Amino acid sequence: MRRRTATTLATLSVALLLAGCGSSGNTASSNKDPNKPLEVWTRSTEATAKVYEKIFKSFTEKTGVQVDYKPIFNDFDKQVQQRAASKDLPDVVITDTGSLGNFVKQGWTTEIKREDVAGGNDIVDRAWNNGKGADGKYYAIPYSTQAMVTLIRKDWREKLGKPIPTTWDELDDLARAFTRNDPDGNGQNDTYGMLVPGTTDRGYLAWWASSYIWQGGGDILDEEGGGKFSVGIDSPESTKAVERLRKLFCEDKVMQPGSLTLGTNDAHPLFESGKSGIYLTGPYMIGRFDKSVGKDKYEVIASPRGPAGATVLGEGEDIYLMAGSAKTADQKKLAEYLITPEAQQAGMKGDPQPVVRLPVNKNVDVNATYNDPRWATVAGVYSSEARPFPSVPNFAPFRQKTSEILNSIFAKCPADSSAELKSLADTLKKELENQKASQ
């Protein structure tokens, strides 16, 4: 799929009306013009931008206030940083929950009072946690939630006579079979077991690997209570989980070549083109893969269980009311519209990709909206197995440093990973101290 450049995306605008609350932050601009349209950014590809455009158009038709919409994918964080440096942040930003800690630390987003948000009582408590900072206050309004699921080439699995994997051993066996046994039947040694978005950009490799570390009984950080944490990445359980992944990369060689430089947008086509057969990813790919791979050729399953269970990463997207806006009422009203059943369902029905994966509004029926048992699987995983990254003041440095060390381990293939993980643990301990979040 072609992606729009930042320049092209920045030219898009949609008319909208909004009304609501907010407050100024340290990066506030005193030169904001209250008569200008509300500026809204989303982290979006071309496909998801089209879904947002429809939602905003519907909102505009209801309200009539002008909003300047800019969907951005490439260098999103860098562009937010540049606007912050010029004290001219967008009014509203919709992006993943992983940005919360950094936005709060930089003073880019405003505090939210749950009781002041119209419709806030309809947001499930678990989703509200996506907007909660380490201090227990809220700095974003939840918009969408999701849980990682495992996508498998069903046609390959059935051709090789393998069962749907329910354990690590079965998953690893399937990955080896996909790599070695010509599952596509073309007589070529050109398929691989697992697809991994293993770039260190924004810590993606740690994003992917965290589910497997948790399933092994390990952790990057262990919560000790009272807002304090200890480092768990070098525990015996974490080390064993990382060793399993190292073996899959370095000895079994079942990972898609080039995985360690792949971002998600570069990884998706490799599943579509029949290069890799197993993909731990978000459910937002279901609609796209239905068209590009074929609904009958792949399956969506809960992650197979490791020694400690089947826990997976579960996060989502938040609505950030950015600091310095001269249109605080409009910021809030847009957020309140986006959490209504109408807007939530419109986001879920995005074609080919939804921008609302699982609704945050308890009045929206997942099964009725999607009418798809695979999304029921996603909802079940989210309710029973999903967990977010820990609520340290800013998790981004922990994710980034972990990603870099894991990338190095899987690229250099040391005899074991324990030494590297101990060194990483020392680095993470210092970061905990810097954030005043250590025991």
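Bear in mind that the values here come from a model prediction, so they are computed numbers and not experimental data.
For the salt bridge (charged side-chain N to carboxylate O under 4.0 Å, His left out) test with D125, the passing option among K132, R114, K362 is R114; the others fail. When each of V300, I164, L280, T281 is checked for a side-chain contact (heavy atoms from CB on, under 4.5 Å) with T150, only L280 meets the rule. The one candidate from V378, V312, V381 that meets the side-chain contact (heavy atoms from CB on, under 4.5 Å) condition with M148 is V312. Each of W208, Y298, F271 was checked for a side-chain contact (heavy atoms from CB on, under 4.5 Å) with Y279, and the lone residue meeting it is F271. With F395 as the fixed residue, the ring pair (Phe, Tyr, Trp, His ring centres under 6.0 Å) test singles out one of F229, F389, W207: F389.
Residues satisfying the side chain to side chain contact (heavy atoms under 4.5 Å, CB included) test with A134, not counting sequence neighbours, are P393. Taking D222 as the reference, D219, E224, S230 meet the side chain to side chain contact (heavy atoms under 4.5 Å, CB included) condition, with sequence neighbours excluded. Under the side chain to side chain contact (heavy atoms under 4.5 Å, CB included) criterion, T200 pairs with Q400, S403, E404, N407, sequence neighbours left out. Here E342 pairs with S58, K62, Y337, T340 under the side chain to side chain contact (heavy atoms under 4.5 Å, CB included) rule; sequence neighbours left out. Residues meeting the side chain to side chain donor-acceptor pair (under 3.5 Å) test with S423, sequence neighbours left out: none. Scanning for side chain to side chain donor-acceptor pair (under 3.5 Å) contacts around D296 gives an empty result, with sequence neighbours left out. For E431, the side chain to side chain donor-acceptor pair (under 3.5 Å) test picks out Q435, with sequence neighbours left out. S144 pairs by the side chain to side chain donor-acceptor pair (under 3.5 Å) definition with E317, not counting sequence neighbours.
Inter-residue side-chain proximity for Y143 and T97 is flagged as unmet; no heavy-atom pair is nearer than 4.5 Å. A heavy-atom distance below 4.5 Å is found between the side chains of L432 and F398. Contact annotation: the side chain of W108 never approaches that of Y320 to less than 4.5 Å [non-hydrogen atoms, C-beta and beyond]. Counting only heavy atoms from C-beta outward, the side chains of V254 and I278 never approach each other to under 4.5 Å. Under the 4.5 Å side-chain criterion, counting only non-hydrogen atoms from C-beta, T369 is in contact with V364.
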Item to complete: Begin with the C-alpha distance, continue with both residues' side-chain angles, and end with the deciding distance and a verdict on side-chain contact (heavy atoms from CB on, under 4.5 Å) for V356 and V51.
Response: CA-CA 10 Å; V356 174; V51 183; over 6 Å; no

Discussion item. Test side-chain contact (heavy atoms from CB on, under 4.5 Å) on V231 and L221; report intermediate values, then the result.
Written reply: CA-CA 5 Å; V231 173; L221 298 177; 4.1 Å; yes

Worksheet item: Would M348 and W375 satisfy side-chain contact (heavy atoms from CB on, under 4.5 Å), going step by step from the backbone distance to the final call?
Response: CA-CA 11 Å; M348 293 168 71; W375 279 100; over 6 Å; no

Practice prompt. Go through the steps to decide whether L406 and F249 satisfy the test side-chain contact (heavy atoms from CB on, under 4.5 Å), and finish with yes or no.
Written response: CA-CA 11 Å; L406 292 180; F249 270 99; over 6 Å; no

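For the residue pair D416 / S418, a side-chain donor-acceptor distance below 3.5 Å is found, with atom types taken as modelled. For the residue pair Q79/W41, the side-chain donor-acceptor check at 3.5 Å is not satisfied.
In this structure a side-chain-to-backbone donor-acceptor pair under 3.5 Å is present from R157 to K162. The main-chain N or O of L313 is found under 3.5 Å from a side-chain atom of S211 such that the two form a donor-acceptor pair. A side-chain donor-acceptor contact under 3.5 Å links D91 to the backbone of E39. Put simply, the side chain of N181 never gets that close to the backbone of P183: no donor and acceptor are under 3.5 Å apart. For T48 (side chain) and S44 (main-chain N/O), no donor-acceptor pair under 3.5 Å exists by modelled atom type. S238 places a side-chain N or O within 3.5 Å of a backbone atom of G232 that can act as its donor or acceptor partner.
With values rounded to the nearest 0.5 angstrom, L262 atom CG is found 8.5 Å from S276 atom OG. In this structure, E336 CD and I319 CD1 are separated by 10.0 Å, a value rounded to the nearest 0.5 Å. Taking CD1 of I112 as the reference point, atom CG of L321 lies at 4.0 Å (rounded to 0.5 Å). The CG atom of L89 sits 7.5 Å away from the CZ atom of R83 when rounded to the nearest 0.5 Å. One finds the CG atom of N129 at 11.5 Å from the CD1 atom of I123 (value rounded to the nearest 0.5 Å). Here CD1 of I301 is found 7.0 Å from CG of L171. Values are rounded to the nearest 0.5 Å.
Among residue pairs with one or both ends in residues 198-217, those qualifying as salt bridge (Lys or Arg N to Asp or Glu O under 4.0 Å) are D77-R202, D96-R202; sequence neighbours excluded. Sorted by first then second residue, the salt bridge (Lys or Arg N to Asp or Glu O under 4.0 Å) pairs that include residues 133-153, not counting sequence neighbours, are R153-D155. Every pair passing side chain to side chain donor-acceptor pair (under 3.5 Å) that includes a residue from residues 302-313 is listed here, sequence neighbours excluded: Q215-S303. Every pair passing salt bridge (Lys or Arg N to Asp or Glu O under 4.0 Å) that includes a residue from residues 227-246 is listed here, sequence neighbours excluded: D172-R244, E243-R246, R246-E251.
For N371, the CG atom is loosely surrounded, since the number of other residues' heavy atoms within 6.0 Å does not exceed 12. Remark: N363 CG is packed, more than 12 non-hydrogen atoms of other residues, nucleotides or ligands lying under 6.0 Å away. Counting non-hydrogen atoms of neighbouring residues, nucleotides and ligands closer than 6.0 angstrom, the CG atom of N189 reaches no more than 12 such neighbours.
Taking all atoms of both residues into account, the shortest heavy-atom contact from S417 to T239 is OG-O, 4.2 Å. What you find for G98 and E315 is that their closest heavy atoms are N-OE2, 4.3 Å. Of all the heavy atoms in P341 and N361, the pair that sits closest is CD-ND2, 3.5 Å.
A salt bridge is absent between E420 and K412: the closest approach of a Lys/Arg side-chain nitrogen to an acidic carboxylate oxygen does not fall below 4.0 angstrom.
For F103 and Y139, the distance between ring centers is not under 6.0 angstrom.
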